[in-house]
Amino acid sequence: MNIRNINQKQYLRQKQEHDRRKKILSLKNIKKISNGTTILDDVSVDFYESEMVGIYGESGAGKTSLLNIIGCFDNDFTGHVLMEDINIENLSSDQKAYIRNKKIGFVVQDFSLIEEMTVYDNVALTLLFDKSVSFVNIRSKIVEALDKVGMKKYINKKIKLMSGGEKQRIAIARAIVNEPDILIADEPTGALDSKNTQKIMELFLQLNKQFNTTVILVSHDMNCINMCYRKIKMEDGHIESDE
Ligand SMILES: Nc1ncnc2c1ncn2[C@@H]1O[C@H](COP(=O)(O)OP(=O)(O)OP(=O)(O)O)[C@@H](O)[C@H]1O
């Protein structure tokens, strides 16, 4: 058997595996116009379970605007967002909040942690408004999330005493404490040096592989994008390539 046949076989197997995967999020014909400027121009894209997706493109291409719609933070658009075939726009604000809290974890560049509070309290904030988590379960969920990001031993430490790389791990623990299906990250390594960038990317890969979490991240850093299995390039509010 020659190498071409082997590659073709591998390709077909990968394609079959991809086709079998469950679609968890669908964006259909998303258009966002603000103050007369088109920010997203007819964007349609599907995301599948266990995917690791990197979104890149020039500044102003619409990457953050797209993430905000995926994360149910922005309702000001036309088109449809379907999460597991449920049309998001038909849901009440309470139902949307539930999805934001349970299905999606969000990580940002500047960590968005409360510096004066401890690691425990910062991660606990996600669970505060979640009526489905009983008081006795809160601690074990927090410990489990910190364990996943390798930060269990810092549980009682104040955020202000931690390094940038450690803070981002805590922010990731806060985002995954509810075991979301989708972890969204907007420039998660933008404030980190190259060593910590590598470590945080390895953590995303580990969460993706070990817990089948779909990771969708935006980055300017092509090293980070190249670590993702699927790469989407945005340009002037539309998807230029998806491979
Ligand atoms: N609320 C808003 N009102 C008006 N214009 C906006 C708003 N939000 C974003 N924009 C504009 O929409 C375009 C896309 O912004 P967005 O932040 O999504 O781009 P981006 O690709 O994430 O850029 P960057 O890489 O610089 O973060 C930009 O031209 C921006 O100025």
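Between the side chain of R169 and the backbone N or O of L203, no donor-acceptor pair lies under 3.5 Å. No donor-acceptor pair closer than 3.5 Å links the side chain of N87 to the backbone N or O of L82. Put simply, the side chain of N122 gets close to the backbone of I114: a donor and an acceptor are under 3.5 Å apart.
You'll find the side chain of E51 stays beyond 4.5 Å of the side chain of I216, heavy atoms only. Counting heavy atoms from C-beta outward, M162 and V119 have side chains that approach closer than 4.5 Å.
In summary, the side chains of D193 and N196 do present a donor paired with an acceptor at a separation below 3.5 Å, with no hydrogens or angles considered. A side-chain donor-acceptor contact under 3.5 Å links D186 and T64.
Other residues, nucleotides and ligands place no more than 12 heavy atoms under 6.0 Å from the OH atom of Y98.
Residues G62 and L40 come closest through the heavy atom pair O-CD2, 3.6 Å. Nearest heavy atoms, A61 versus M234: CB-O, 3.5 Å.
Rounded to the nearest 0.5 Å, atoms CD1 (I232) and CG (D242) are 4.0 Å apart. Here the straight-line distance linking atom CG of L127 with atom CG of N101 works out to 8.0 Å at 0.5 Å rounding. Atoms CD and NE2, from E187 and H220 in turn, are 5.0 Å apart once rounded to the nearest 0.5 Å. The distance from the CG atom of D221 to the CD1 atom of I225 is 8.0 Å, given to the nearest 0.5 Å. Rounding to the nearest 0.5 Å places NZ of K148 at 10.0 Å from CD of Q206. A distance of 7.0 Å separates CZ of R230 from OH of Y48, quoted to the nearest 0.5 Å.
Using a cut-off of 4.0 Å between Lys/Arg side-chain N and Asp/Glu carboxylate O, E115 and K158 are scored as not salt-bridged.
Annotation: salt bridge (charged side-chain N to carboxylate O under 4.0 Å, His left out) contacts involving residues 60-75, sequence neighbours excluded, comprise K32-D74. Sorted pairs that involve residues 196-216 and meet salt bridge (charged side-chain N to carboxylate O under 4.0 Å, His left out), not counting sequence neighbours, are lacking altogether.
With sequence neighbours excluded, the residues satisfying salt bridge (Lys or Arg N to Asp or Glu O under 4.0 Å) with E235 are K233.
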